[in-house]
Structures are given as C-alpha cells and as structure tokens.
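Each residue takes its place number in the sequence, starting with 1. Everything numeric here is computed off the predicted structure, so don't read it as measured data.
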Amino acid sequence: MQFPQALETVLQNLERMRDENSRRPCASRTVLDALKQISSPRKIEIMEGDALSSPKNNLDAEPPSRDYGAASSVAPPKTEKTGKLAAVRTRVCACIKCPNLASSRTQTVFGVGNPDAEIMFVGEAPGADEDKQGEPFVGRAGQLLTKIIKAMGFPREEVYIANVLKCRPDVPAGSFGNRPPTPREMQTCRPYLMEQIDIIRPKVIVALGAVAVEGLLGTRAPMRELRGRWDSFNGTPLMITYHPAYLLRNQSPSEKRKVWEDMMLVLERLAKPISEKQRNYFL
Ligand code: SF4
C-alpha cells in the first residue's frame with residue numbers, strides 16, 4: 001500500500017471511531033510523535049520521494065510557506081503544483097469516507113486542467129458520464145461548459161475544472177438521472193476541494209449552481225439572488241453563475257445571456273480584452 005493510502009486509511013478509521021463513539025483510539029507515544037511529524041502534505045510528498053533512505057533528515061525539514069496569496073508574489077512552480085495535486089488525487093482515489101458512494105462509484109472524479117489556471121470552475125458532483133469517464137463535466141452540461149470556456153477565449157485545458165464531491169452520488173439500482181449531494185457528503189469531501197484550490201491558487205473561482213455555492217460557502221439561497229455578483233472564497237474572488245445543466249433545461253435566451261454576462265465580469269476581473277463580438281455573444 002502506498003504511503004498516502006495508508007495514512008488515509010488510518011485517518012478514516014480514527015474518524016469512524018470518533019463518529020461511532022465506540023471506543024477511544026489508542027496509540028503509543030512514539031506513533032503519535034511520528035504522526036505529528038508527517039501531518040503536512042509537503043512532508044508526505046518528501047517521504048514518497050527520496051525520504052525512505054534518510055527519513056530523519058526529511059521529517060525534520062520545514063514545510064514550505066503555503067502563503068501564495070496577494071501578500072506573496074512568489075507562486076510555486078507548475079511542476080510542484082502538479083506533484084501536490086497528484087498526491088491529493090492518490091488519497092482521493094483510495095477514499096472511502098462515504099462508504100455508500102465508495103461502493104457505488106465506478107471511479108473517483110478528481111479534477112482536470114491546468115495546475116496554473118487563472119480560472120477554476122467548481123460544480124457539484126460527477127454524473128453518470130463523469131463517473132464512467134473519470135473526468136468532470138464531460139456529459140451534455142460539460143459540453144456546454146466547454147463551449148462557454150472557449151467563447152471566453154480559453155482552451156478547456158487552460159482552466160481547471162472540479163466538483164465539490166469527487167464521487168457520483170448513488171441512486172437506487174435501475175433508476176436514471178442524478179441526485180444532488182447531501183450536506184454531509186459535501187462536508188466530508190470538501191477538504192479535498194480546499195486542497196485543490198490551495199494548490200492551484202486561481203485568480204478567480206466560478207461556482208456553477210446553487211449546490212456548488214453551498215459546498216463552497218455553506219450558503220443556501222435561490223440562484224437569482226446569488227448569481228452575477230462577486231463573492232469571496234477565502235480571499236479569492238468568487239463569481240456565482242447558473243450550472244450549465246440549468247441552461248439545458250431552460251433554453252430561454254435571457255437566462256443564457258445572464259451566464260454570459262457573468263463570464264464577461266470574470267474576463268474583466270482578469271483584465272482580459274473583450275471583443276465586440278464577445279460583448280454581443282449569446283450562448
Ligand atoms: S465523496 Fe469524497 S469524501 Fe466521499 S468517498 Fe468520495 S472522495 Fe471520499
């Protein structure tokens with residue numbers, strides 16, 4: 001078993017024992033000291049790499065500063081971000097914190113795109129297509145999202161796309177369609193999204209739909225009240241707009257135009273030039 005999975009298994013068992021309140025977990029002083037030393041993701045990566053030959057030196061190393069925000073002009077190099085994302089992905093792949101989802105999923109759906117992306121799109125959860133292919137937003141709604149991204153002037157690979165939940169919410173056998181994630185499922189999976197955002201450090205986050213907003217901000221409100229204005233997620237500007245699936249259900253040109261106007265606000269925020277053609281665009 002790889003180190004991250006082993007650590008994840010230990011953490012999951014501890015959490016389950018806490019939730020079930022069955023018995024107090026016991027660990028020796030030596031084990032506790034060792035766990036404390038490896039609690040940062042940076043140290044875990046070091047251990048996965050060259051640490052096994054000289055663990056003490058690496059365990060003693062200081063983790064790098066994670067303050068890549070406005071106060072710091074030094075962003076981590078892309079290769080470092082790629083490695084960090086890969087380490088989180090490995091833990092997500094092995095995650096069984098939601099036993100029902102872990103047993104019903106085909107695979108986890110981590111996220112896709114440029115680790116250096118300026119824009120990060122966040123949806124709610126994988127659907128059937130995403131569960132099958134292992135990539136977020138690949139079904140009909142995903143195709144519409146790709147069209148929106150291209151109309152903004154970006155190739156899909158240039159942005160980052162993820163969901164609040166990394167597993168498809170289970171549905172009764174034989175039934176079609178998707179169900180929204182429960183608040184508990186979102187709360188359980190949210191730390192992975194937080195790690196992704198922390199690593200990528202996008203300039204703007206776009207929340208797609210009310211469920212994504214609830215997952216990110218813990219806020220529940222009608223989308224007509226939420227969309228089209230700037231919010232903030234831990235200091236990163238957050239634009240809230242409709243989920244592409246809503247536009248597929250509601251083909252009204254005025255609703256599509258609202259999404260496009262939200263995306264123009266994103267382009268303005270990023271100081272990207274907006275052509276006349278883009279200004280007059282309708283999805
Ligand atoms: S939804 Fe998230 S927390 Fe739950 S099992 Fe999947 S990866 Fe783990």
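Looking only at distances, a side-chain donor or acceptor of Arg257 sits under 3.5 Å from a matching main-chain atom of Tyr281. Under the 3.5 Å distance criterion, the side-chain polar atoms of Asp131 are matched with a main-chain donor or acceptor of Thr106. A side-chain donor-acceptor contact under 3.5 Å links Gln196 to the backbone of Phe110. Panel note: side chain Glu130, backbone Gly127; a donor-acceptor pair is recorded below 3.5 Å. Proximity of a side-chain donor or acceptor of Arg190 to a complementary backbone N or O of Leu216 within less than 3.5 Å is detected. The backbone N or O of Ala151 sits less than 3.5 Å from a side-chain atom of Gln278, completing a donor-acceptor pair.
For the pair Arg179 and Glu185, the salt-bridge criterion is met [side-chain N within less than 4.0 Å of a carboxylate O]. The pair Lys258-Glu261 does not meet the salt-bridge criterion, since no charged nitrogen lies less than 4.0 angstrom from a carboxylate oxygen. Salt bridge Arg168/Asp170: absent, no basic N to carboxylate O contact under 4.0 Å. Salt-bridge annotation for Lys84 and Glu195: absent, with no side-chain N of the basic residue lying under 4.0 Å from a carboxylate O of the acidic one.
Taking the side chain as every heavy atom from C-beta outward, Leu238 and Trp230 never approach each other to under 4.5 Å. Proximity of Tyr192 to Cys95: side-chain heavy atoms (C-beta onward) are separated by under 4.5 Å at one or more points.
Val211 and Leu144 fall within the same hydrophobic cluster, where Ile, Leu, Val, Met, Phe, Trp and Tyr residues are linked whenever their side-chain heavy atoms come under 4.5 Å apart, directly or through other members. A continuous path of ILVMFWY side-chain contacts below 4.5 Å connects Ile200 to Ile197, so both sit in one hydrophobic cluster.
In this view, Lys203 and Glu118 satisfy the salt bridge (Lys or Arg N to Asp or Glu O under 4.0 Å) rule, not counting sequence neighbours.
When all heavy atoms are compared, the tightest approach of Leu226 to Ala221 is CD1-O, 3.4 Å. When all heavy atoms of Ala212 and Leu208 are compared, the closest pair comes out as CB-O, 3.5 Å. Shortest non-hydrogen contact noted between Leu165 and Cys189 is CD1-CB, 3.7 Å. The heavy-atom pair separating Gly177 from Val171 by the smallest distance is O-CG1, 3.8 Å. Across Ala125 and Cys167, no two heavy atoms sit closer than the pair CB-O, 4.4 Å. The shortest heavy-atom contact between Pro183 and Arg220 is CG-NH2, 3.5 Å.
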- Query: Do Glu255 and Leu247 pass the side-chain contact (heavy atoms from CB on, under 4.5 Å) test, and can you show the C-alpha distance, the side-chain angles, and the key distance before you say yes or no?
  - Reply: CA-CA 7 Å; Glu255 296 302 276; Leu247 297 183; 4.2 Å; yes
- Message: For a side-chain contact (heavy atoms from CB on, under 4.5 Å) check, start with the C-alpha distance between Met152 and Trp260, then their side-chain angles and the critical distance, and finish with the verdict.
- Response: CA-CA 9 Å; Met152 293 171 77; Trp260 183 241; 3.7 Å; yes
- Given ring-ring contact (aromatic ring centres under 6.0 Å, His included), test His243 with Phe137 step by step and report yes or no. CA-CA 11 Å; His243 193 286; Phe137 284 95; 5.3 Å; yes
- Task: Begin with the C-alpha distance, continue with both residues' side-chain angles, and end with the deciding distance and a verdict on side-chain contact (heavy atoms from CB on, under 4.5 Å) for Val206 and Val266.
- Result: CA-CA 8 Å; Val206 178; Val266 170; 4.0 Å; yes
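For the residue pair Arg227 / Thr241, no side-chain donor-acceptor distance below 3.5 Å is found, with atom types taken as modelled. With 3.5 Å as the limit, one finds no donor-acceptor pair spanning the side chains of Gln107 and Lys166. In this model, a donor atom of one side chain and an acceptor atom of the other lie less than 3.5 Å apart for Gln251 and Lys256.
When the shell of 6.0 Å around CD of Gln187 is examined, it contains 12 or fewer heavy atoms from other residues, nucleotides or ligands.
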